[in-house]
Number of protein chains: 2
Amino acid sequence: MDEKNHYSISELASMLEISPSTIRFYEEKKLIDPERTSGNQRIYTRKDRARLKLILRGKRFGFSLDEIAEIIGLADVEVNEVSQIEKSLAYTDKRIAEIRARRSELDLLETDMIAMKDNLVKRLEEISAGQNEV
Amino acid sequence: MDEKNHYSISELASMLEISPSTIRFYEEKKLIDPERTSGNQRIYTRKDRARLKLILRGKRFGFSLDEIAEIIGLADVEVNEVSQIEKSLAYTDKRIAEIRARRSELDLLETDMIAMKDNLVKRLEEISAGQNEV
DNA sequence: AATAAAGTTAAAGTTAACTTTAACTATATA
DNA sequence: TATATAGTTAAAGTTAACTTTAACTTTATT
C-alpha cells in the first residue's frame, strides 16, 4: 500500500512519458475529466491514470482518439436504459472480436519480421562462405 | 495456381480497400516502387501487394510510415557489407522484441474490454433484479 | 514578502498522412 | 475511329493529433 493516489499534471505526464499539454488536449477531447483544486489546478486520481494508460495503449494499436473516446464512453454510460446498455454490450463484443483479430495480425507481422531476419542471417552466412572460397 | 500476378493501381486499390492516391502517396514516400508499362502506367506484382499489406498491417499497429519505411528497408538492403547487415540484424531483433511486447499489451487491452463488458452485464442484471422487486 | 516554478486558458502553429484538383496522356469499348 | 474510362504528375487543400505561445494565476521556495 505505497504509491500515491493523486498526481499533478506534470507528475502524471512524466509517469506516462507524455507532455502536460497532451494531457490537457485529451481533456479537451473529452477523454478524461479530472477534478480541480480550490485554485483550479487539475488533480488526477489513479483511475484517471488508468484511463490515460488505456488511451495510450489504444493509440499504440492504431485506434484514433475518436474511437478511443467511444470505447471509453462505455465505462461512463450513466444511462440505465436497457436498450442503451444492450447496444453498448454489442459494441464491446465487436471490439473484443477486433482485438482477437489483431492478435492474428500480430502473428503475421511477427512472421514477416522473422522472415526478414532469416534473410539477413542467410546473407551473412553467404558472405562468410564466400570469404572462405577466396 | 489461379489468381493474377499483375494488377493495375485501381485493381490493387480495391483489393486492399484503399484509394489509388494512397498507393501513389506510398510510392512518393519510397515505400513501394512498381514497374511501369510502355505507356508509363504502374503495374504491381504480388510482391508489391504483399508489401502494401505489410504497410497497412504496420499502420494498424500504430507504426508511422517512417518507421514502416525503416522496417521495409531491411528487405531492400543491397549492401553486402557485414557491418551493415549486422546492424540491420540488431534492428530486426529489436522490432521482433517490440512485437512480442505488443502482444502482452494486447492482452491488457483485451482484459480492459472484458472488464467493461462484465460491468455492463452486471448493470443489466441489476436492472432486471430491481424490476422484480417492484 | 518576494520571486521562481508550475499551472491555466485560448488561440495560433506544426506535422503526418492523406485527398482533391487540374490539366494532360494512355487504354479500352461502342 | 471516336469517346469514355482509367491513369499520370504537381500542387494545393484537409484533418487529426499535437505543440507552442502569450498573458495571466496559483503554489512553492528563499
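In what follows, chains are A, B, ... by sequence order, proteins preceding strands, each numbered from 1. Hydrogens, waters and symmetry mates are skipped; everything else that's a heavy atom, side chains included, is used. Since the structure is predicted, the reported quantities are computational estimates derived from the model, not experimental observations.
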Chemist: Tell me which nucleotide among D:dT9, D:dA17, C:dC18 gets nearest to the side chain of B:Arg24.
Modeler: D:dT9
Chemist: For B:Asp33, is there any backbone N or O sitting under 3.5 Å from a side-chain donor or acceptor partner on B:Arg51?
Modeler: no
Chemist: Treating B:Arg46 as the side-chain partner and B:Lys4 as the backbone partner, does any N or O pair qualify as donor plus acceptor under 3.5 Å?
Modeler: yes
Chemist: With respect to the phosphate group of D:dT9, does any side-chain polar atom (N or O) of B:Arg42 fall under 4.0 Å of OP1 or OP2?
Modeler: yes
Chemist: Take a 6.0 Å sphere around CD of B:Glu35 and say whether it holds more than 12 heavy atoms from other residues, nucleotides or ligands.
Modeler: no
Chemist: Here's one to test your reading of the geometry: is the NZ or CZ of B:Arg42 within 45 degrees of the ring axis of B:Tyr26 and under 6.0 Å from its centre?
Modeler: no
Chemist: Between P on C:dT25 and CD1 on B:Ile9, what's the gap in Å once rounded to a whole number?
Modeler: 19 Å
Chemist: Taking CD1 from B:Ile23 and P from C:dT20, how many angstroms apart are they, rounded to a whole number?
Modeler: 15 Å
Chemist: For C:dA26, does OP1 or OP2 lie under 4.0 Å from any side-chain N or O of B:Thr37?
Modeler: no
Chemist: Nearest-Å distance, CD (B:Glu35) to P (D:dG7)?
Modeler: 18 Å
Chemist: If the cut-off is 4.0 Å, is A:Tyr26 near the phosphate of D:dA17, judged by side-chain N/O to OP1 or OP2?
Modeler: no
Chemist: If you pin B:Phe63 and B:Asn40 to their nearest nucleotides in DNA chain C, which one's is more 5'?
Modeler: B:Phe63
Chemist: Examine D:dG7: is either OP1 or OP2 under 4.0 Å from a nitrogen or oxygen in the side chain of B:Ser10? Give yes or no.
Modeler: yes
Chemist: Rounded to the nearest Å, what distance is computed from the CD atom of residue B:Glu28 to the C1' atom of nucleotide D:dT8?
Modeler: 13 Å
Chemist: Any side-chain N or O of B:Ser8 less than 4.0 Å from the OP1 or OP2 oxygen of D:dA6?
Modeler: no
Chemist: Does C:dT19 have OP1 or OP2 under 4.0 Å away from a side-chain N or O of B:Ser19?
Modeler: yes
Chemist: Using heavy-atom distances to pick each residue's nearest nucleotide on DNA chain C, tell me which of B:Leu65 and B:Gln41 is more 5'.
Modeler: B:Leu65
Chemist: Would you indicate which nucleotide in C:dG7, D:dT19, D:dT27 comes nearest to any side-chain atom of A:Ser38?
Modeler: D:dT27
Chemist: Have a look at B:Lys59 and say if it touches a base, only the backbone sugar-phosphate, or nothing, with a 4.0 Å heavy-atom cut-off.
Modeler: sugar-phosphate
Chemist: Can you see which heavy atom on A:Ile85 is nearest to which on B:Leu124, and at what distance?
Modeler: CG2-CG, 3.6 Å
Chemist: Classify the nucleic acid contact of A:Ser21 as base, sugar-phosphate or nothing, counting any heavy atom under 4.0 Å across all strands shown.
Modeler: base
Chemist: Respond yes when some side-chain nitrogen or oxygen of B:Arg36 is under 4.0 Å from OP1 or OP2 of C:dT25, and no when none is.
Modeler: no
Chemist: Whole angstroms only, please: what is the CZ-C1' distance between B:Phe25 and D:dT14?
Modeler: 13 Å
